[in-house]
Engineer: 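Attaching a single structure in structure tokens format; questions to follow.
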Amino acid sequence: MSSTSRILASLGALALLVGCGTGPDRAVFAVEADRFGSSEWSEPVNLGAPVNSSVNDNNATLLSDELSLYFVSGRAGGLGGVDRWFSRRASLDSPWEAPVDLGPNVNSSGLEASPSLSMDGHLLFFSSDRPGGQGSNDIYVARRTDKNDDLSWGPAVNLGPDVNTAAFEAGGFYLQSAEAGSANFYFVRGPNTVALDIYVTSVNTDGEPGGPAVLAAELSNQDPAITDAHPSLRDDGREVYFYSNRAGSLGASDLWRSTRRSVHEPWSAPENVGAPLSSTANDVQPSLTHDARTLIFASTRAGGLGGADIWMSTRTSSGH
């Protein structure tokens, strides 16, 4: 049996086991699976300078302590056209410090994008069009021992043919949690940067793929004119945000959300999250914090410093 078949068989068997539950336990499980379902998102706030600038600043993610912010920018001082940068702050109430380029182990003379860190802070997944890949754009992983040192990343390694192909791959997200199941690495693939769909495979704790990726059909429109991209999951694997220009969007692209009862069951039909997160502008690249109460995303909406800026919104932990 192939690795792909093993992944699908494992998920199917577990789904049958979970589906056999009835009564109060099943009802409680459903509530827990979507405990943020009735929460409201706050009006997004622009992160301002020095994080945002007059150029495009996007693809942002907060580390688990929310004191380090990784993002992508074309500002001066990088190694290529677009690099990954980080900014730190002393506390949650402190201002962001001047961004620093992540350096030559993870940045190159090419276009770098989509930084995403593992929950434990030891793995950095990202995409790049640097030479030596499998195709036009590939996903890489870098590793570090000291999770508090943002400049200690080791050399980037291509994730190989289970993830990367001759097509375009980007936007990797590693669901590192006890409930993650075998299908725990989400990313996007397509013939170009427009016709993107969401795929899933498994990776181990060292960031090594465990088998060929399969299409996440419930999250992917599969229309060549539609982009479904940049998945970001809640730590329990029961909620995902991504951006799409599918029918029902308010602008060029909007933020969309889907949930599931457990990591072994199908995703619900995606729904546009609506205002204030989605707008008539281009709203893309959502990234949930580990407590799922903060969402970082990029937008071209009014009130920015130039091009795309990084914005932040927060929500309550329940409907009240």
Side-chain angles (χ1 to χ4, degrees), residues 1-18 112-119 122-143 155-224 226-233 237-238 240 242 244 258 260 262-267 270:
M1 182 183 289
S2 69
S3 298
T4 302
S5 298
R6 285 196 296 271
I7 290 173
L8 293 175
S10 173
L11 291 177
L14 286 169
L16 288 174
L17 290 173
V18 173
E112 319 295 334
S114 307
S116 177
L117 283 88
S118 59
M119 187 189 306
H122 294 301
L123 301 176
L124 171 63
F125 296 94
F126 64 90
S127 64
S128 176
D129 67 352
R130 65 186 61 189
Q134 306 283 328
S136 63
N137 201 77
D138 280 4
I139 300 176
Y140 293 76
V141 63
R143 302 173 176 89
V157 178
N158 191 292
L159 285 188
D162 282 345
V163 170
N164 296 313
T165 66
F168 179 97
E169 281 90 19
F173 181 91
Y174 176 33
L175 181 62
Q176 185 185 36
S177 73
E179 298 180 346
S182 57
N184 59 5
F185 187 74
Y186 289 73
F187 67 98
V188 298
R189 174 186 292 165
N192 51 57
T193 58
V194 175
L196 295 175
D197 289 317
I198 298 174
Y199 283 73
V200 62
T201 187
S202 64
V203 300
N204 61 23
T205 54
D206 290 325
E208 299 168 338
V214 296
L215 180 73
E218 301 99 343
L219 304 178
S220 301
N221 186 279
Q222 300 182 60
D223 184 322
I226 298 300
T227 296
D228 296 305
H230 207 280
S232 179
L233 283 77
R238 300 173 190 176
V240 60
F242 62 96
S244 180
S258 179
R260 57 185 176 181
S262 80
V263 297
H264 310 299
E265 296 193 42
W267 290 103

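It should be emphasised that the depicted structure is a prediction, and the values quoted were computed from it without experimental measurement. Sequence positions, counted from 1, serve as the residue numbers for this chain.
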Engineer: Tell me, do Asn221 and Ser244 make a side-chain contact under 4.5 Å, heavy atoms counted?
Structural biologist: no

Engineer: Before giving the answer on side-chain contact (heavy atoms from CB on, under 4.5 Å), spell out for Phe185 and Phe125 the whole-Å C-alpha distance, their side-chain angles and the decisive distance to 0.1 Å.
Structural biologist: CA-CA 10 Å; Phe185 187 74; Phe125 296 94; 3.6 Å; yes

Engineer: Give the minimum heavy-atom separation between Ala167 and Arg189, together with the two atoms involved.
Structural biologist: CB-CG, 4.2 Å

Engineer: Mind listing the closest non-hydrogen atom pair of Pro115 and Leu124 along with its distance?
Structural biologist: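 Scanning both residues, the minimum pair turns out to be CB-CD1, 4.0 Å.
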
Engineer: Show the nearest heavy-atom pair for residues Phe126 and Ala113, with the distance to one decimal.
Structural biologist: CB-O, 3.4 Å

Engineer: Once you round to the nearest 0.5 Å, how far does CD of Gln222 lie from CD1 of Ile198?
Structural biologist: 11.0 Å

Engineer: With sequence neighbours excluded, what pairs up with Asn137 under the side-chain hydrogen bond (donor to acceptor under 3.5 Å, both in side chains) test?
Structural biologist: none

Engineer: Report the C-alpha distance between Val141 and Leu159 in whole Å, list the side-chain angles of each, state the deciding distance to 0.1 Å, and finish with yes or no for side-chain contact (heavy atoms from CB on, under 4.5 Å).
Structural biologist: CA-CA 7 Å; Val141 63; Leu159 285 188; 3.7 Å; yes

Engineer: Please test Thr165 against Gln134 for side-chain contact (heavy atoms from CB on, under 4.5 Å), starting from the C-alpha separation and ending with a verdict.
Structural biologist: CA-CA 5 Å; Thr165 66; Gln134 306 283 328; 5.7 Å; no

Engineer: Scan the side chains in residues 205-216 for donor-acceptor partners under 3.5 Å anywhere in the protein, sequence neighbours excluded, and list what turns up.
Structural biologist:
from: Glu208; atom 1: OE1; to: Asn204; atom 2: ND2; distance (Å): 3.0

Engineer: So, does Ser127 use its side chain to make a donor-acceptor pair with the main chain of Ala170 at under 3.5 Å?
Structural biologist: no

Engineer: Mind checking side-chain hydrogen bond (donor to acceptor under 3.5 Å, both in side chains) for Ser220 and listing every partner two or more places apart, or none if nothing turns up?
Structural biologist: none

Engineer: Roughly how far apart are Arg143 CZ and Ser118 OG, rounded to 0.5 Å?
Structural biologist: 10.5 Å

Engineer: List the atom of Pro231, the atom of Phe173, and the distance in Å for their closest heavy-atom pair.
Structural biologist: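 Residues Pro231 and Phe173, closest heavy atoms: O-CB, 3.4 Å.
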
Engineer: For the atom pair OG1 (Thr201) and CG (Asp162), what is the distance rounded to the nearest 0.5 Å?
Structural biologist: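 If I round to the nearest 0.5 Å, the distance is 6.0 Å.
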
Engineer: Is there a donor-acceptor pair closer than 3.5 Å between any side-chain N or O of Asn158 and the backbone N or O of Gly133?
Structural biologist: no

Engineer: Which pair of non-hydrogen atoms, one from Pro270 and one from Ser258, has the smallest distance, and what is that distance?
Structural biologist: CA-CB, 4.3 Å

Engineer: Within a strict 4.5 Å, meaning less than it, do heavy atoms of the Asn192 and Phe168 side chains meet?
Structural biologist: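 In short, these two side chains do not touch, never coming nearer than 4.5 Å.
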
Engineer: Keeping the roles fixed (side chain from Asp138, backbone from Glu169), state whether a donor-acceptor pair exists under 3.5 Å.
Structural biologist: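 Between the backbone of Glu169 and the side chain of Asp138 there is no qualifying donor-acceptor contact (under 3.5 Å).
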
Engineer: Arg130: which residues meet the salt bridge (Lys or Arg N to Asp or Glu O under 4.0 Å) condition with it, sequence neighbours left out?
Structural biologist: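 Scan of Arg130 (salt bridge (Lys or Arg N to Asp or Glu O under 4.0 Å), adjacent residues dropped) gives Glu112.
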
Engineer: Return the set of residues passing side-chain hydrogen bond (donor to acceptor under 3.5 Å, both in side chains) with Thr193 (not counting sequence neighbours), or none when no residue passes.
Structural biologist: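 With sequence neighbours excluded, Thr193 shows a side-chain hydrogen bond (donor to acceptor under 3.5 Å, both in side chains) to no residue whatsoever.
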
Engineer: Please round to the nearest 0.5 Å and tell me the distance separating atom CG of Leu233 and atom CG of Leu175.
Structural biologist: 5.5 Å

Engineer: Of all heavy-atom pairs between Asp129 and Ser136, which one has the smallest distance, and what is that distance?
Structural biologist: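 Answer, listing the atom of Asp129 first, then Ser136: CB-O, 3.4 Å.
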
Engineer: With a 4.5 Å limit on heavy-atom distance, are the side chains of Asp228 and Val188 in contact?
Structural biologist: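 A side-chain contact is absent here, since even the closest heavy-atom pair is not under 4.5 Å.
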
Engineer: Applying ring-ring contact (aromatic ring centres under 6.0 Å, His included), can you list everything that pairs with Tyr186, at least two apart in sequence or on another chain?
Structural biologist: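 Tyr186 satisfies ring-ring contact (aromatic ring centres under 6.0 Å, His included) with no other residue.
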
